[in-house]
Engineer: 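Pasting a structure here, questions to come.
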Amino acid sequence: MLDIKYLRQNVDIVKKKLRQRGQAIDFDRFLKLDQERRDILISVEALRNERNDASKEIGRLKKEKKDASELIAQMGAVSDKIKKLDEDLKSVEENLNNFMLLVPNIQHESVPAGSGENDNVVVRLGGAKPVFNFEPKEHWEIGERLNILDFTRGAKIAGARFTLYKGLAAAMERALINFMLELHVREHGYTEVLTPFMVNRESMTGTGQLPKFAEDLFKIEGMEYYLIPTAEVPVTNIYRDEILEEEQLPIYLVAYSPCFRSEAGSYGKDTRGLIRQHQFNKVEMVKFAKPEDSYDELERLTANAEEVLNRLEIHYRTVCLCAGDLGFSSAKTYDVEAWMPGQNVYREISSCSNFEDFQARRASIRFRREGSGKVEFVHTLNGSGLAVGRTVVAILENYQQADGSVVIPAALRPYMGGLEKISP
RNA sequence: GGAGAGAUGGCUGAGUGGUCGAAAGCGAUCGCCUGCUAAGCGAUUGUACGCCCCUAAAAGGUGUACCGCGGGUUCAAAUCCCGCUCUCUCCGCCA
């Protein structure tokens with residue numbers, strides 16, 4: 001959510017910024033509602049003031065056993081007016097709030113212009129592409145031939161976009177989760193958390209999934225619970241409605257969670273393989289930072305994600321998303337894309353974003369400055385570290401051998417009992 | 001699933017219709033005292049929104065709201081009534 005005072009005074013700047021994101025939002029309605037709200041507030045508060053004074057006077061009169069009936073009758077009328085105005089106010093505020101919840105964040109000045117993913121800017125390359133003396137296969141073929149990925153039975157058990165892992169694929173998924181968590185905890189200074197995988201409406205609203213993206217979520221029938229699409233949701237909401245002390249910041253948290261996404265609107269896209277699933281595992285890093293530090297923190301967060309691929313010796317590129325490709329809540333995002341030789345493309349394996357105070361304002365996550373005692377919104381950040389299923393894909397495709405076997409990256413072997421290779 | 005108890009400021013905890021944004025204590029901040037520390041003394045100590053002031057922000061002034069959440073009664077609600085959520089205790093069941 002944007003700062004309503006800032007928006008009120010800088011409508012044209014906000015409009016222009018959002019146009020660069022491909023968003024045309026009509027702020028006339030906002031300005032009208034905002035003015036209406038303040039008008040009603042002025043009237044209703046004046047009446048309340050009058051009533052408060054009169055009530056004190058009535059109390060005094062009654063104590064002195066004097067007649068207060070005239071004043072009481074007058075205040076009866078005033079209370080009726082207040083009630084009416086309160087109803088108007090409530091309705092205007094509801095409209096205003098609903099409007100504000102649908103306005104995307106404003107991008108940082110360093111975000112490149114552009115309308116779609118072709119305009120994203122490559123900022124870094126890591127590792128080297130593997131060289132094959134044969135035609136590299138796609139991971140679904142490798143996985144099925146090794147009998148470690150079973151797409152058919154996954155579909156039987158649940159449906160399309162669900163996969164059954166067997167044997168060493170299941171072990172590799174588990175090993176990767178441990179490898180990533182331990183890297184971030186032991187070397188990057190994060191604290192591990194394990195959260196609920198279902199959350200309430202307030203949490204989904206706090207991070208920006210609701211109200212606009214309800215169709216992307218799985219909701220529990222008959223209950224106000226949603227399956228999380230990313231651990232960002234429960235982890236960021238840990239400090240919802242709290243005021244932190246300045247000395248607590250920055251806070252670095254890392255969480256493993258399964259992620260559930262309806263993938264509405266992506267019918268026919270990535271239908272084969274592990275790339276786009278209704279359920280996948282992810283290790284997620286979340287930071288709470290002071291505003292002046294958040295862009296440095298974003299660089300470090302992105303480097304932490306890249307480090308996973310450095311250790312696994314998988315080639316990747318890091319792109320800075322252009323204005324038109326940014327997510328709803330983000331002010332700036334780097335995507336880390338792993339090289340997938342079987343598909344001959346780079347695929348997003350991590351997305352690292354600074355939300356500035358957009359989520360903090362929605363979720364009311366604040367901190368108190370040590371000297372002045374002033375309360376400010378924190379900045380929230382998060383990034384995948386990494387998407388686990390896609391990391392399995394990257395390993396299968398990058399480490400495949402001519403004989404159909406797959407070598408296990410050296411960094412992962414300690415987590416798989418020293419195993420060096422998965423053979424047919 | 002059954003029975004009961006509770007939710008008040010950073011914390012503990014008082015308050016059952018008006019003078020209560022809320023006693024007291026603790027903690028914290030500032031000052032005094034002190035050779036240092038401790039003790040002692042004094043002051044301050046929530047958040048949000050609006051208006052005034054101001055070039056603007058901050059500060060300041062002023063008003064309103066907030067005692068789990070939502071509604072009701074009343075001139076007036078932390079206090080009375082209704083609904084909900086959450087926490088705790090006991091019984092039963094369960095990974």
Side-chain angles (χ1 to χ4, degrees), chain A residues 1-13 30-101 194-206 220 222-226 234 237-249 291-292 357 360-378:
Chain A
M1 202 152 58
L2 301 180
D3 179 0
I4 197 161
K5 284 179 205 156
Y6 175 83
L7 179 55
R8 193 182 289 154
Q9 286 164 7
N10 301 280
V11 172
D12 290 334
I13 296 173
F30 161 78
L31 289 170
K32 191 167 160 280
L33 283 169
D34 181 53
Q35 188 58 53
E36 214 174 317
R37 172 177 168 269
R38 280 179 293 159
D39 289 344
I40 298 172
L41 213 50
I42 289 167
S43 315
V44 79
E45 286 190 355
L47 289 173
R48 279 222 179 82
N49 182 225
E50 187 187 338
R51 186 177 70 182
N52 287 346
D53 288 346
S55 288
K56 279 177 200 161
E57 181 62 20
I58 290 167
R60 207 172 303 130
L61 289 172
K62 289 217 163 183
K63 209 173 189 177
E64 295 166 13
K65 308 251 187 248
K66 290 181 182 161
D67 178 48
S69 56
E70 192 183 330
L71 206 47
I72 288 173
Q74 278 173 21
M75 288 309 109
V78 169
S79 281
D80 287 345
K81 270 192 223 165
I82 290 173
K83 202 173 213 174
K84 169 78 173 61
L85 285 173
D86 264 341
E87 277 165 25
D88 295 348
L89 185 65
K90 200 177 158 191
S91 132
V92 168
E93 282 185 337
E94 211 174 289
N95 285 330
L96 199 56
N97 195 244
N98 289 342
F99 176 89
M100 291 300 288
L101 286 174
L194 185 64
T195 70
F197 300 149
M198 292 187 239
V199 300
N200 57 30
R201 166 168 290 271
E202 288 71 34
S203 292
M204 284 294 185
T205 306
I220 301 300
M223 281 189 238
E224 209 48 29
Y225 291 132
Y226 297 83
N237 277 283
I238 287 173
Y239 296 112
R240 174 154 53 83
D241 296 322
E242 292 192 28
I243 300 176
L244 304 167
E245 295 303 324
E246 181 175 0
E247 58 175 20
Q248 289 178 263
L249 299 174
E292 63 270 28
D357 62 9
R361 184 169 278 114
R362 287 176 161 246
S364 191
I365 307 168
R366 296 170 291 173
F367 75 103
R368 195 183 306 278
R369 288 276 182 196
E370 239 146 83
S372 62
K374 267 186 59 95
V375 173
E376 290 177 47
F377 288 106
V378 302

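Chain identifiers are assigned alphabetically (A, B, ...) following the order of the sequence lines, protein sequences preceding nucleic acid strands; residue numbering begins at 1 within each chain. We use all heavy atoms of the structure for the numbers below, so side chains are in, but hydrogens, waters and symmetry mates are not.
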Engineer: Using distance alone, with no hydrogens and no angle criterion, decide if Ser55(A) and Asn52(A) have a side-chain donor and acceptor under 3.5 Å apart.
Structural biologist: no
Engineer: Please work out if Arg369(A) contacts a base, only the sugar-phosphate, or nothing of the nucleic acid, heavy-atom cut-off 4.0 Å.
Structural biologist: nothing
Engineer: Could you check which nucleotide pairs with G21(B) in any of the strands shown, counting Watson-Crick or G-U wobble with both distances under 3.5 Å?
Structural biologist: none
Engineer: OP1 or OP2 of U64(B) sitting under 4.0 Å from any side-chain N/O of Arg51(A)?
Structural biologist: no
Engineer: How far does CZ of Arg369(A) sit from NZ of Lys374(A), to the nearest 0.5 angstrom?
Structural biologist: 9.5 Å
Engineer: Rounding to the closest angstrom, what is the interatomic distance between G10(B) and G27(B) at atom C1'?
Structural biologist: 8 Å
Engineer: OP1 or OP2 of G50(B) versus the side-chain N and O atoms of Arg37(A): is any pair under 4.0 Å?
Structural biologist: yes
Engineer: What is the separation between atom CG on Leu85(A) and atom P on G50(B), rounded to the nearest whole Å?
Structural biologist: 17 Å
Engineer: Within a 6.0 Å radius of atom CE on Met198(A), are there more than 12 heavy atoms belonging to other residues, nucleotides or ligands?
Structural biologist: no
Engineer: Will you find, in the side chains of Thr205(A) and Arg362(A), an N or O donor that is under 3.5 Å from an N or O acceptor?
Structural biologist: no
Engineer: Are Asn98(A) and Glu94(A) close enough that a side-chain donor and a side-chain acceptor fall under 3.5 Å?
Structural biologist: no
Engineer: For Ser364(A) and Arg240(A), test the side chains for any donor-to-acceptor distance below 3.5 angstrom and give the result as yes or no.
Structural biologist: no
Engineer: To the nearest angstrom, how far is Gln35(A) atom CD from G50(B) atom C1'?
Structural biologist: 12 Å
Engineer: So, is Arg368(A) close to the G46(B) phosphate, meaning a side-chain N or O under 4.0 Å from OP1 or OP2?
Structural biologist: no
Engineer: Which listed nucleotide (U73(B), G18(B), A57(B)) is nearest to the side chain of Gln9(A)?
Structural biologist: A57(B)
Engineer: Please report the distance separating the C1' of A77(B) from the corresponding atom of G18(B), rounded so that it comes out in whole Å.
Structural biologist: 10 Å
Engineer: Can you tell me the pairing partner of C49(B) across any strand shown, Watson-Crick or G-U wobble, with both distances under 3.5 angstrom?
Structural biologist: G63(B)
Engineer: Is Lys56(A) close enough to C20(B) that one of its side-chain N or O atoms is under 4.0 Å from OP1 or OP2 there?
Structural biologist: no
Engineer: I need the CZ-C1' distance between Arg48(A) and A77(B), as an integer number of Å.
Structural biologist: 14 Å
Engineer: With rounding to the closest Å, how many angstrom separate the C1' atoms on U74(B) and A56(B)?
Structural biologist: 46 Å
Engineer: Would you kindly give the CG-to-C1' distance between Asp241(A) and G10(B), to the nearest whole Å?
Structural biologist: 16 Å
Engineer: If I take atom CD in residue Glu45(A) and atom C1' in nucleotide C51(B), what distance separates them, rounded to the nearest angstrom?
Structural biologist: 8 Å
Engineer: Using OP1 and OP2 only, check whether a side-chain N or O of Ser79(A) sits under 4.0 Å from A76(B).
Structural biologist: yes
Engineer: So with a 6.0 Å cut-off around CD of Glu370(A), is the heavy-atom count from everything else above 12?
Structural biologist: yes
Engineer: When the P atoms of C52(B) and A57(B) are compared, how many Å lie between them, rounded to an integer?
Structural biologist: 12 Å
Engineer: According to a strict under-4.0 Å criterion, is Asn52(A) in side-chain N/O contact with OP1 or OP2 of A76(B)?
Structural biologist: no
Engineer: Paired with C90(B) by Watson-Crick or G-U wobble geometry, both distances under 3.5 Å: which nucleotide is it?
Structural biologist: G2(B)
Engineer: Which one is paired to U85(B), where only Watson-Crick or G-U wobble pairs with both distances under 3.5 angstrom count?
Structural biologist: A7(B)
Engineer: Which nucleotide in the set C49(B), A65(B), A76(B) lies at the smallest distance from any side-chain heavy atom of Leu41(A)?
Structural biologist: C49(B)
Engineer: Would you mind telling me which of U19(B), G18(B), C51(B) lies closest to the side-chain atoms of Lys63(A)?
Structural biologist: U19(B)
Engineer: Please report, rounded to the nearest Å, how far the C1' atom of A48(B) is from the CD1 atom of Ile243(A).
Structural biologist: 10 Å
Engineer: Can you tell me how far C1' in G68(B) sits from the matching atom in C51(B), rounded to whole Å?
Structural biologist: 31 Å
Engineer: Quantified in whole Å, what is the P atom distance between nucleotide U34(B) and nucleotide C53(B)?
Structural biologist: 49 Å
Engineer: May I ask you to verify if any side-chain N or O of Lys90(A) is less than 4.0 angstrom from the OP1 or OP2 atom of G71(B)?
Structural biologist: yes
Engineer: May I have the distance from Lys83(A) (atom NZ) to G71(B) (atom P), rounded to whole angstrom?
Structural biologist: 11 Å
Engineer: Does Asn49(A) have a side-chain nitrogen or oxygen under 4.0 Å from the phosphate oxygens OP1 or OP2 of G63(B)?
Structural biologist: no
Engineer: With rounding to whole Å, what would you report as the distance between C20(B) and U79(B) at their C1' atoms?
Structural biologist: 11 Å
Engineer: Among A48(B), C75(B), G50(B), which nucleotide has an atom closest to any side-chain atom of Val375(A)?
Structural biologist: A48(B)
Engineer: Taking G2(B) as the reference, what is the distance to A28(B) when you measure between their C1' atoms (whole Å, please)?
Structural biologist: 46 Å
Engineer: To the nearest angstrom, how far is Ile4(A) atom CD1 from A48(B) atom P?
Structural biologist: 15 Å
Engineer: Contact class for Arg60(A) (heavy atom, under 4.0 Å): base, sugar-phosphate, or nothing?
Structural biologist: nothing
Engineer: Mind checking who C36(B) pairs with, Watson-Crick or G-U wobble, both distances under 3.5 Å?
Structural biologist: none
Engineer: Just wondering, more than 12 heavy atoms not from Phe99(A) lying within 6.0 Å of its CZ?
Structural biologist: yes
Engineer: Strictly by Watson-Crick or wobble contacts shorter than 3.5 Å, is anything paired with G42(B), and which nucleotide is it?
Structural biologist: C30(B)
Engineer: If pairing requires Watson-Crick or G-U wobble contacts with both distances under 3.5 Å, which nucleotide is the partner of A76(B)?
Structural biologist: none
Engineer: Could you tell me the Watson-Crick or G-U partner of A95(B), where both distances fall under 3.5 Å? Say none if there is no partner.
Structural biologist: none
